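Being a predicted model, the structure only gives us computed values, none of them experimental. Just so you know, residue 1 is the first one in the sequence shown, and it goes up from there.
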Amino acid sequence: MEPKPTGFSIADYIVFATSLLASFGIGVYSSLAGKKEQTTDDFFFGNHDMNIVAVALSLAATFLSAIGLLGLPSEIYRNGWSYSVLLLPETICGLMGIFLFIPFFYKLRMTSVYEYFEHRFNRTLRRCACLLFITYMMLYMSIVLYAPALALSQVSGLPIWVSILTSGLICTIYTSLGGMKAVIWTDAFQMVIMLCGVVIVLVHGVISAGGVSTVLEANRNTGRLFVDFHGDPTIRHSFWALLVGGTINIMPFGLNQATVQRYLSVKNKRAAQRMLSIQLPTILTWWTILISVGLTMFGYYKGCDPQLSGRIERPDQMMAIFVSDVLGYLQGLPGLFTAVVYSATLSTVSSGVNSIVVVLTEDFIKPMHDMRRKTLLEERTIMRITKGLSFLIGFVAIGMAFISSALGRGLIQFCVSIEGMCGGPLLGLFFCGMMLPFVSSKGATVGVFCGLVMTFWIGIGAIVTHATVEPMPLFTDTCPAFFGNETTDNFAAFFPANQSSAVKGISSWNDTAGLGPDNVFRIQRP
């Protein structure tokens, strides 16, 4: 029997609409408050005078996304808490940001991080790095816009194109009008919404599963609390693979354009270090909560796996059915859940749009048009260009999101994982410049080219081969008989069966060898 979506209740619409309107209002207010004459310092860095707590929450929200929100709990549920090892690389990279990256970029004081490559190597490498960044950010934003649009269409009955257009326009308008100030304050609000939402899910989930001891016992009895310390590189998630690979995987975010803009949006270096000291525990708390949700999900479904019992078709639907099962009796929860998903999306896309505009302006338009002088006319001209570019990039991202809905699984996975393919070579280029003074521009060029060939070979190979991983033991011995033939109305409101095929290309990261760490910790963040 095919499920029949129930759609949003009035309370759901109120909760969800309030969240979107609040984000839009905060963004617009930020653009109107303060100076009448907006400058590039305002637009790119919030006039270097932003609140450190707001910047810390914004930086945390920037690198989180709807796909990570839906994917990580499912990964923990199916394969155990090995991913919790990635909290160590996250901590290591955060400390590197505080003591290495922030002093480095405050010494340079460059608007675009890629300007450094021209000073250290040559203009060609600078332009190549910029093009890589713009390419993977545009592909990434298109997928991040599409995923929650699909979720909203399933809970409310709205067409996907309406959802993409609405979320894309809201994000584009407040980013274009307010620049970094609008992005930071809306991101901070969205991070609070996201944390509140997942905490509610976790607390109610633990209570519904029978308490913390019941959850831990269920996971312990099936080996889900085990971490493999073997050094065999063929093991999917060993401690050493996650520690070393996770560190290399997460480190590029400390050098990302969006991150560096936030380093420089506070008063001074010490304020930036305090900001990152707040951001680090925030993002560790977020991942700890999602890991705990994954363990709680298994404690709740330990005797009746929703996929094996026929209630869902794909692992990516686990988070949605869990929310509906433990919170579905409270009106407004589907709206809150969708608001959490959209908050993750808006924060990521707004930061992506703003950072791309900075790169285009500083690395291409300014050098080409010789706009280095600081007269009032030139400042106004630059501001008109940057605001126009913000609208243009936003609309291009919306268009690419529409295209994403028609792509096959392989191409969508390529868009999802391309940031990982490009991030490694760019990280190597930064470290060559920072740590190895004897490396020449020719050597750096050859190194970047070889690195791109290797990472694209590995990434595309993983997509083409589509190697699957068998999950840990799952059971159906306590399932009611009707679960094999019927799906609950509450869950149908999130993921009706006739929509599930559209999600497969986005969600199948956790079934594909080699793509897990990229998508959990990278789809979050530009």
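Considering every non-hydrogen atom in both Val198 and Val293, the closest pair reads O-CG2, 4.4 Å. When all heavy atoms are compared, the tightest approach of Gly97 to Pro103 is O-CD, 4.4 Å. The minimum heavy-atom distance linking Leu69 with Pro73 is given by the pair O-CD, 3.2 Å. The two residues Gln257 and Thr111 have their closest heavy-atom pair at NE2-O, 3.1 Å. Across all their heavy atoms, Arg126 and Glu362 have their closest contact at NH2-O, 3.0 Å. Minimum interatomic distance between Leu125 and Ser441 (heavy atoms only, all atoms of both residues): CD1-O, 4.0 Å.
Within a 6.0 Å sphere centred on CZ of Phe449, other residues, nucleotides and ligands contribute 12 heavy atoms or fewer. Enclosure of atom CE in Met454 is not indicated, since only 12 or fewer non-hydrogen atoms of other residues, nucleotides or ligands lie within 6.0 angstrom. The environment of Tyr29 atom OH is sparse: at most 12 non-hydrogen atoms of other residues, nucleotides or ligands sit within 6.0 angstrom.
Using a 30° and 60° split on the angle between ring planes, Phe391 and Phe395 fall in the parallel class, below 30°. Using bins of under 30°, 30° to 60° and over 60° for the plane-to-plane angle, the ring pair Phe117/Phe121 lands in the tilted bin. Classification of the Tyr263-Phe105 ring pair by plane angle, with boundaries at 30° and 60°, yields tilted. Ring geometry, Phe430 versus Tyr116: the interplanar angle falls under 30°, so the pair is classed parallel (tilted spans 30 to 60°). Ring pair Phe133/Tyr114 is tilted by interplanar angle, where 30° to 60° counts as tilted.
Considering CD1 of Ile102 and CG of Leu264, their distance stands at 9.0 Å, rounded to 0.5 Å. One distance of note links CG of Leu280 with CG of Leu284; it measures 4.5 Å at 0.5 Å rounding. Here the straight-line distance linking atom NZ of Lys387 with atom CG of Leu177 works out to 6.0 Å at 0.5 Å rounding. Distance CD1/Ile291 to CG/Leu202: 11.5 Å, rounded to 0.5 Å. Taken from CD in Gln273 to CG in Asn268, the straight-line distance is 9.0 Å, to the nearest 0.5 Å. The CG atom of Leu295 sits 9.0 Å away from atom CZ of Arg224, with the distance rounded to the nearest 0.5 Å.
Between Gln261 and Val183, the closest side-chain pair of non-hydrogen atoms is not below 4.5 Å. Residues Met319 and Phe337 are in side-chain contact: their nearest non-hydrogen atoms beyond the backbone lie under 4.5 Å apart. Under the 4.5 Å side-chain criterion, counting only non-hydrogen atoms from C-beta, Ser238 is not in contact with His230. Between Thr124 and Thr445, the closest side-chain pair of non-hydrogen atoms is not below 4.5 Å. A 4.5 Å side-chain heavy-atom check between Leu290 and Tyr83 finds every atom pair outside the cut-off. Within the 4.5 Å cutoff, no side-chain heavy atoms of Met251 are placed close to those of Ile248. Here the side chains of Arg127 and Phe364 are in contact, with some heavy-atom distance below 4.5 Å. The shortest distance between side-chain heavy atoms of Thr62 and Arg262 falls below 4.5 Å.
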| request: Kindly determine whether Phe226 and Ser82 satisfy side-chain contact (heavy atoms from CB on, under 4.5 Å), including the steps that lead there. | output: CA-CA 7 Å; Phe226 172 75; Ser82 294; over 6 Å; no
| field | Check against side-chain contact (heavy atoms from CB on, under 4.5 Å), Phe189 and Leu346 | value | CA-CA 11 Å; Phe189 168 75; Leu346 293 176; over 6 Å; no
| field | Trace of the side-chain contact (heavy atoms from CB on, under 4.5 Å) decision for Leu452 with Leu132 | value | CA-CA 10 Å; Leu452 286 171; Leu132 282 175; 3.9 Å; yes
| query | Please walk me through it: do Trp185 and Asn51 pass side-chain contact (heavy atoms from CB on, under 4.5 Å)? | reply | CA-CA 9 Å; Trp185 284 112; Asn51 180 278; 4.1 Å; yes
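Side-chain contact, Thr39 with Asp42: a donor N or O sits under 3.5 Å from an acceptor N or O. Between the side chains of Ser23 and Gln190, at least one donor N or O sits under 3.5 Å from an acceptor N or O. Checking His237 against Asp228 by side-chain atom types alone, no donor-acceptor pair falls below 3.5 Å.
Side-chain atoms of Thr175 never come within 3.5 Å of backbone atoms of Thr172 as a donor-acceptor pair (strictly under, hydrogens ignored). Remark: the backbone N or O of Phe229 is paired with a side-chain donor or acceptor of Trp240 at under 3.5 angstrom. A donor-acceptor pair under 3.5 Å is absent between the side-chain atoms of Ser347 and the main chain of Asp187, judged by distance alone. A donor-acceptor pair is defined here as one N or O able to donate and one able to accept, closer than 3.5 Å; no such pair exists between the side chain of Ser58 and the backbone of Ala54. Although no hydrogens or angles enter the test, the distance criterion places a donor-acceptor pair under 3.5 Å between the side chain of Ser142 and the main chain of Leu139. With hydrogens and angles disregarded, no donor-acceptor distance shorter than 3.5 Å links the side chain of Ser390 to the backbone of Asn354.
In this structure, Phe24 has its ring center at least 6.0 angstrom away from the ring center of Tyr174.
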